[in-house]
A.B. asks: 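Let me give you the structure first, and then I'll get to my questions.
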Amino acid sequence: MKISTEQREPREAVLTVELDNADIEPYLDQAYRRAVRRLSIPGFRKGKAPRRIVEQMFGRGYLLNEALDAVIQEFTSKAVEEEGLDIGGVPSVSLDEFDPPQFTATVPLQPLVDLADIDSVRHPKDEVDLPDDRVDETLEQMRMQLAVWEPVEDAVQMDDLINLTITGWVEEDGERREIVHSEETDYIPRPGSTFPVPGLDEGLVGLPVGEQRTFDVDVPDDASNADAAGKTAHFETTVHSVKRRSLPELDDEFAKSVGDDYESLDALREKIHENLLEREKRLVEMKHQEETLAKVTEAASIAISPLIIEHEVEHYVHGREDDIKAGRVGYEEYREYLSWQGMSDEDVHEQARPKVEERLKRAHVIRAVAQRESIEATDEDVSEEIENLLADSGEFADEHRKQLDEADNRESIRRMLVQRRTLEYLSNLALKDAPAATKPRARAATSKSGPKPRQTKTPAARTRAKRQQGGTSDA
């Protein structure tokens with residue numbers, strides 16, 4: 001194998017790799033052994049034809065093409081190792097000559113981060129603010145959760161649980177187009193609801209039980225339902241039953257029903273206030289860490305290979321699509337996904353690029369700070385964090401522990417701990433009146449705004465690679 005290397009900015013190395021027959025012979029033999037088991041060759045049983053016969057019938061190029069992926073991957077790795085490159089991502093490979101193979105591998109190197117003078121970074125932290133009415137709001141939410149639905153002989157009100165049969169339609173060019181049709185369906189009308197059109201829930205208010213009623217709704221031009229926007233929607237409805245929440249009294253008995261051995265309403269109020277205050281402190285801390293990291297990243301100089309950015313953009317876009325299909329995505333992510341509809345793949349990638357670039361920069365700034373300050377997480381730290389994560393797992397603790405204790409998951413937890421410690425370090429550093437910054441011990445993150453169980457998620461890793469025949473490929 002012959003290798004020539006050229007350094008290219010920003011942070012890439014271009015390797016030209018020339019192989020000879022001796023280099024690829026073992027791979028051709030492996031390809032022959034795989035191929036002969038599935039080839040039908042006259043005069044031989046499957047798997048018994050000699051290699052020379054296979055090459056006579058199908059050509060040497062057939063075996064080389066079978067072996068090419070493995071050849072490119074393994075010799076790219078060998079070339080990177082021999083050249084001592086600090087690889088930072090997936091190389092991009094183009095095949096220059098087929099037999100014997102010669103290829104060019106563009107290798108993204110680890111990004112180079114100049115942290116500038118981070119010791120001078122200062123950023124104030126917000127004061128913790130807990131309005132007096134937050135405890136009352138939380139108590140009211142708990143009352144709603146513990147409320148009992150009771151039948152009432154009354155017209156529909158907002159937030160009632162109603163059972164109804166409803167048909168809704170619009171007329172277009174003399175034709176009736178249904179926008180909703182449900183038989184004996186439970187439904188809770190809520191103010192400001194827009195499904196299937198804005199104004200439907202308001203139209204249900206006041207309807208009596210057991211009578212068929214019709215009403216119309218003028219749908220706004222900007223309604224999300226394109227079939228009904230700007231039109232008049234007609235509804236034919238029968239309310240079969242109405243149930244209304246019966247809220248428990250806020251007293252000591254209510255506090256005892258919540259659990260956790262609350263003996264009085266005052267004790268419950270005190271615990272809610274404590275939990276809300278702790279939550280606000282964490283939110284203020286997280287906001288300060290995020291803003292400090294943004295300032296440090298803005299001041300830093302970061303050289304990063306375009307290949308790393310492109311790979312992460314691709315990963316981000318596909319990850320969003322996978323999350324949408326699996327239903328594990330938040331409102332903002334869902335809105336972002338909706339904004340991609342109707343765009344070309346190129347447009348989607350360009351829209352995602354700024355966010356991905358910023359995420360990459362911040363990640364590498366954290367990495368650089370952790371290296372500079374020797375911020376680490378030991379095996380004992382990882383084991384302790386696993387136990388913290390399992391604190392509310394109950395009977396599933398042993399099963400989840402086995403998952404979290406797998407090597408890949410332990411490494412993910414280790415990275416999370418290092419990141420947490422690094423952010424705490426930067427936050428301490430940025431406080432104007434703080435003493436010299438210390439490297440804090442990572443602590444378990446808990447979330448409490450009231451008595452409720454916590455769910456544990458295990459980390460997952462995903463890799464992608466592709467290869468285009470006769471063109472460029474990722475090795």
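Values below: all heavy atoms of this structure, side chains included; hydrogens, waters and symmetry mates excluded. Given the structure is predicted, the values throughout are model-derived calculations rather than measurements.
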A.B. asks: Which pairs with one or both residues in residues 227-242 pass salt bridge (Lys or Arg N to Asp or Glu O under 4.0 Å), sequence neighbours excluded?
C.D. replies: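 Output for this query lists Arg177-Asp227.
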
A.B. asks: To check you understand the geometry: which heavy-atom pair defines the closest contact between Val296 and Val365, and what is its length?
C.D. replies: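 Taking every non-hydrogen atom into account, CG1-CG1, 3.7 Å.
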
A.B. asks: Taking salt bridge (charged side-chain N to carboxylate O under 4.0 Å, His left out) as the definition, give me every residue that meets it alongside Arg34, ordered by chain and number, with sequence neighbours left out.
C.D. replies: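 Per chain and number, Arg34 pairs via salt bridge (charged side-chain N to carboxylate O under 4.0 Å, His left out) with no residue.
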
A.B. asks: Is the shortest side-chain N to carboxylate O distance from Glu285 to Lys125 below 4.0 Å?
C.D. replies: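 Lys125 and Glu285: salt-bridged.
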
A.B. asks: Nearest 0.5 angstrom please: Glu314 CD to Ile309 CD1, how far?
C.D. replies: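 Going from the CD atom of Glu314 to the CD1 atom of Ile309 covers 14.5 Å.
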
A.B. asks: Checking Glu358 now: which residues fulfil salt bridge (charged side-chain N to carboxylate O under 4.0 Å, His left out) with it, not counting sequence neighbours?
C.D. replies: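 Testing Glu358 for salt bridge (charged side-chain N to carboxylate O under 4.0 Å, His left out), a comparison that skips the adjacent residues, returns Arg362.
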
A.B. asks: Holding to ring-ring contact (aromatic ring centres under 6.0 Å, His included), I want the full list of residues that pass it with Trp169, two or more places apart in sequence or in another chain.
C.D. replies: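 By the ring-ring contact (aromatic ring centres under 6.0 Å, His included) rule, Trp169 matches His234.
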
A.B. asks: Extract all donor-acceptor atom pairs below 3.5 Å that involve side chains of residues 126-133 and protein atoms in other chains or at least two apart in sequence.
C.D. replies:
unit_1: Asp126; atom_1: OD2; unit_2: Lys287; atom_2: NZ; d: 2.8

A.B. asks: Can we say Glu312 and Arg359 salt-bridge, meaning some charged N sits less than 4.0 Å from an Asp/Glu carboxylate O?
C.D. replies: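 Answer for the salt bridge query: no.
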
A.B. asks: By the definition side chain to side chain contact (heavy atoms under 4.5 Å, CB included), identify the one residue from Leu283, Leu277, Val284 that meets it with Lys281.
C.D. replies: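 Among the candidates, only Leu277 passes.
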
A.B. asks: Would you say the side-chain atoms of Asp381 pair up with the backbone N or O of Thr378, donor to acceptor, closer than 3.5 Å?
C.D. replies: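 Side chain of Asp381 to backbone of Thr378: a pair is present.
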
A.B. asks: Considering non-hydrogen atoms only, spot the tightest contact between Ala370 and Val418 and give its length.
C.D. replies: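 The pair with the smallest heavy-atom distance is CB-CG1, 3.8 Å.
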
A.B. asks: Taking atom CD of Glu346 as the centre, does the number of heavy atoms from other residues, nucleotides or ligands within less than 6.0 Å exceed 12?
C.D. replies: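 No.
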
A.B. asks: Measure from the side-chain N and O atoms of Ser393 to the backbone N and O of Phe396, and report whether any donor-acceptor pair falls under 3.5 Å.
C.D. replies: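 Not a single qualifying donor-acceptor pair exists.
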
A.B. asks: Under the 3.5 angstrom rule, does the side chain of His349 hit a backbone N or O of Asp345 as a donor-acceptor pair?
C.D. replies: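 Flag set: sc His349 to bb Asp345 pair under 3.5 Å.
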
A.B. asks: Go through the structure and list residues passing side-chain contact (heavy atoms from CB on, under 4.5 Å) with Glu184, not counting sequence neighbours.
C.D. replies: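 side-chain contact (heavy atoms from CB on, under 4.5 Å) check on Glu184 returns Asn163, Thr165, His240.
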
A.B. asks: Looking at Asp186 and Lys243, does any basic side-chain N land under 4.0 Å from a carboxylate oxygen?
C.D. replies: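 Looking at Asp186 and Lys243, the cut-off is not met.
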
A.B. asks: Which value, rounded to the nearest 0.5 Å, describes the distance between Thr167 atom OG1 and Phe235 atom CZ?
C.D. replies: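 That separation rounds to 10.0 Å.
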
A.B. asks: Within the 4.5 Å heavy-atom criterion, are Thr138 and Asn275 side-chain neighbours or not?
C.D. replies: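 No, too far: nothing below the 4.5 Å cut-off.
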
A.B. asks: Please indicate whether Glu270 has more than 12 foreign heavy atoms, meaning atoms of other residues, nucleotides or ligands, lying under 6.0 Å from its CD.
C.D. replies: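 Result for CD/Glu270: open.
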
A.B. asks: Can you sort out the partners of Ser383 under side-chain contact (heavy atoms from CB on, under 4.5 Å), two or more places apart, ordered by chain and number?
C.D. replies: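 So Ser383 forms a side-chain contact (heavy atoms from CB on, under 4.5 Å) with Arg410.
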
A.B. asks: How far apart are the closest heavy atoms of Ala233 and Val170, and which atoms are they?
C.D. replies: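 Answer, listing the atom of Ala233 first, then Val170: CA-CG1, 3.9 Å.
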
A.B. asks: With a 4.5 Å heavy-atom cut-off, do Leu115 and Val369 have their side chains touching?
C.D. replies: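 With C-beta onward as the side chain, the pair touches.
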
A.B. asks: Should we count CG of Asp261 as having more than 12 external heavy atoms under 6.0 Å?
C.D. replies: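 Open.
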
A.B. asks: Any heavy-atom pair between the side chains of Trp340 and Val317 that's under 4.5 Å?
C.D. replies: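 Side-chain contact under 4.5 Å: yes.
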
A.B. asks: Flag yes if more than 12 heavy atoms outside Met158 fall under 6.0 Å of its CE atom; otherwise flag no.
C.D. replies: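 Counting neighbours around CE of Met158, more than 12 heavy atoms of other residues, nucleotides or ligands fall under 6.0 Å, so yes.
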
A.B. asks: Is the shortest side-chain N to carboxylate O distance from Arg244 to Asp159 below 4.0 Å?
C.D. replies: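 Salt bridge flag = no for Asp159 with Arg244.
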
A.B. asks: Would you check if Leu268 and Leu139 make a side-chain contact, meaning some heavy-atom pair closer than 4.5 Å?
C.D. replies: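 Side-chain contact under 4.5 Å: yes.
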
A.B. asks: Any side-chain heavy atom of Tyr425 sitting closer than 4.5 Å to one from Thr292?
C.D. replies: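 No. Closest side-chain heavy atoms not under 4.5 Å.
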
A.B. asks: Please enumerate all residues that pass side-chain contact (heavy atoms from CB on, under 4.5 Å) together with Leu112, with sequence neighbours excluded.
C.D. replies: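 Listed in chain order: Arg11, Ala303.
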
A.B. asks: Hey, what do you get for CD1 (Ile302) to CD (Glu357), rounding to the nearest 0.5 Å?
C.D. replies: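 Answer for the CD1-CD pair, Ile302 versus Glu357, is 10.5 Å.
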
A.B. asks: Can you confirm whether Pro306 sits close enough to Pro10 that some side-chain heavy atom of one is under 4.5 Å from a side-chain heavy atom of the other?
C.D. replies: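 Contact flag for Pro306/Pro10 side chains = yes.
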
A.B. asks: Go through the structure and list residues passing side-chain contact (heavy atoms from CB on, under 4.5 Å) with Glu274, not counting sequence neighbours.
C.D. replies: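 With sequence neighbours excluded, Glu274 shows a side-chain contact (heavy atoms from CB on, under 4.5 Å) to Lys271, given in chain and number order.
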
A.B. asks: Please tell me if the side chains of Glu290 and Leu423 come closer than 4.5 Å, counting only heavy atoms from C-beta onward.
C.D. replies: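 Result no, sub-4.5 Å side-chain heavy-atom pair not found.
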
A.B. asks: Looking at Ala377 and Arg414, what are the two nearest heavy atoms and their distance?
C.D. replies: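 What the structure gives for the nearest pair is O-NH1, 2.8 Å.
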
A.B. asks: Are any side-chain N or O atoms of Ser339 and backbone N or O atoms of Glu336, one a donor and one an acceptor, separated by less than 3.5 Å?
C.D. replies: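 Side chain of Ser339 to backbone of Glu336, a donor-acceptor pair under 3.5 Å: yes, one is there.
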
A.B. asks: State plainly whether the residues Asp398 and Arg401 are in salt-bridge range, i.e. N to O under 4.0 Å.
C.D. replies: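 Salt bridge: yes.
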
A.B. asks: Would you please test Glu12 and Ser305 for side chain to side chain donor-acceptor pair (under 3.5 Å) and show each step?
C.D. replies: CA-CA 6 Å; Glu12 289 180 351; Ser305 165; 2.7 Å; yes

A.B. asks: What verdict does the side chain to side chain contact (heavy atoms under 4.5 Å, CB included) test give for Glu333 and Asp323, after you've listed the backbone C-alpha separation in whole Å, the side-chain angles of each residue and the deciding distance to 0.1 Å?
C.D. replies: CA-CA 9 Å; Glu333 290 82 2; Asp323 289 343; over 6 Å; no

A.B. asks: Which heavy-atom pair separates Ile308 from Leu109 by the least distance, and what is that distance?
C.D. replies: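 Of all heavy-atom pairs spanning Ile308 and Leu109, the closest is CD1-O, 3.7 Å.
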
A.B. asks: How long is the straight-line distance from CD of Glu399 back to CG of Leu390, given to the nearest 0.5 Å?
C.D. replies: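 Result: 11.0 Å between the selected atoms.
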
A.B. asks: Using a strict threshold of under 4.0 Å (side-chain N to carboxylate O), is an ion pair present between Glu310 and Arg353?
C.D. replies: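 Here Arg353 pairs with Glu310 in a salt bridge, since their nearest N and O are under 4.0 Å apart.
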
A.B. asks: Determine whether Asp408 and Glu411 make a side-chain contact, defined as any pair of heavy atoms from C-beta on separated by less than 4.5 Å.
C.D. replies: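 Contact flag for Asp408/Glu411 side chains = no.
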
A.B. asks: Under the ring pair (Phe, Tyr, Trp, His ring centres under 6.0 Å) rule, what pairs show up with a residue in residues 111-147, not counting sequence neighbours?
C.D. replies: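 Qualifying pairs, neighbours excluded: His123-His288.
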
A.B. asks: Side-chain donor-acceptor contacts of residues 246-254 below 3.5 Å, not counting sequence neighbours, with atom names and distances?
C.D. replies:
unit_1: Asp251; atom_1: OD1; unit_2: Glu253; atom_2: N; d: 3.2
unit_1: Asp251; atom_1: OD1; unit_2: Phe254; atom_2: N; d: 2.9
unit_1: Asp252; atom_1: OD1; unit_2: Leu265; atom_2: N; d: 2.9

A.B. asks: So with a 6.0 Å cut-off around CD of Glu387, is the heavy-atom count from everything else above 12?
C.D. replies: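 Correct, the count exceeds 12.
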
A.B. asks: Less than 3.5 Å apart, which donor and acceptor atoms pair up between the side chains of residues 191-211 and the rest of the protein, not counting sequence neighbours?
C.D. replies:
unit_1: Asp201; atom_1: OD1; unit_2: Tyr187; atom_2: OH; d: 2.7
unit_1: Asp201; atom_1: OD2; unit_2: Tyr187; atom_2: OH; d: 3.0
unit_1: Asp201; atom_1: OD2; unit_2: Arg190; atom_2: N; d: 2.8
unit_1: Glu202; atom_1: OE2; unit_2: Gly192; atom_2: N; d: 3.3
unit_1: Glu211; atom_1: OE1; unit_2: Arg213; atom_2: NE; d: 3.3
unit_1: Glu211; atom_1: OE1; unit_2: Arg213; atom_2: NH2; d: 2.9

A.B. asks: Measuring from atom CG of Leu426 to atom CG of Leu293, what distance do you get when rounded to the nearest 0.5 angstrom?
C.D. replies: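 If we round to the nearest 0.5 Å, Leu426:CG and Leu293:CG are 6.5 Å apart.
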
A.B. asks: Give a yes or no answer on whether the side chain of Asn409 reaches the backbone of Gln403 with a donor-acceptor pair at less than 3.5 Å.
C.D. replies: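 Yes: the side chain of Asn409 pairs with the backbone of Gln403.
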
A.B. asks: Quick one: closest heavy-atom pair of Val219 and Ala228, and the distance?
C.D. replies: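 That would be CB-O, 3.3 Å.
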
A.B. asks: Rounded to the nearest 0.5 Å, what separates atom CD in Gln141 from atom CD in Gln145?
C.D. replies: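 One gets 7.0 Å once the value is rounded to the nearest 0.5 Å.
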
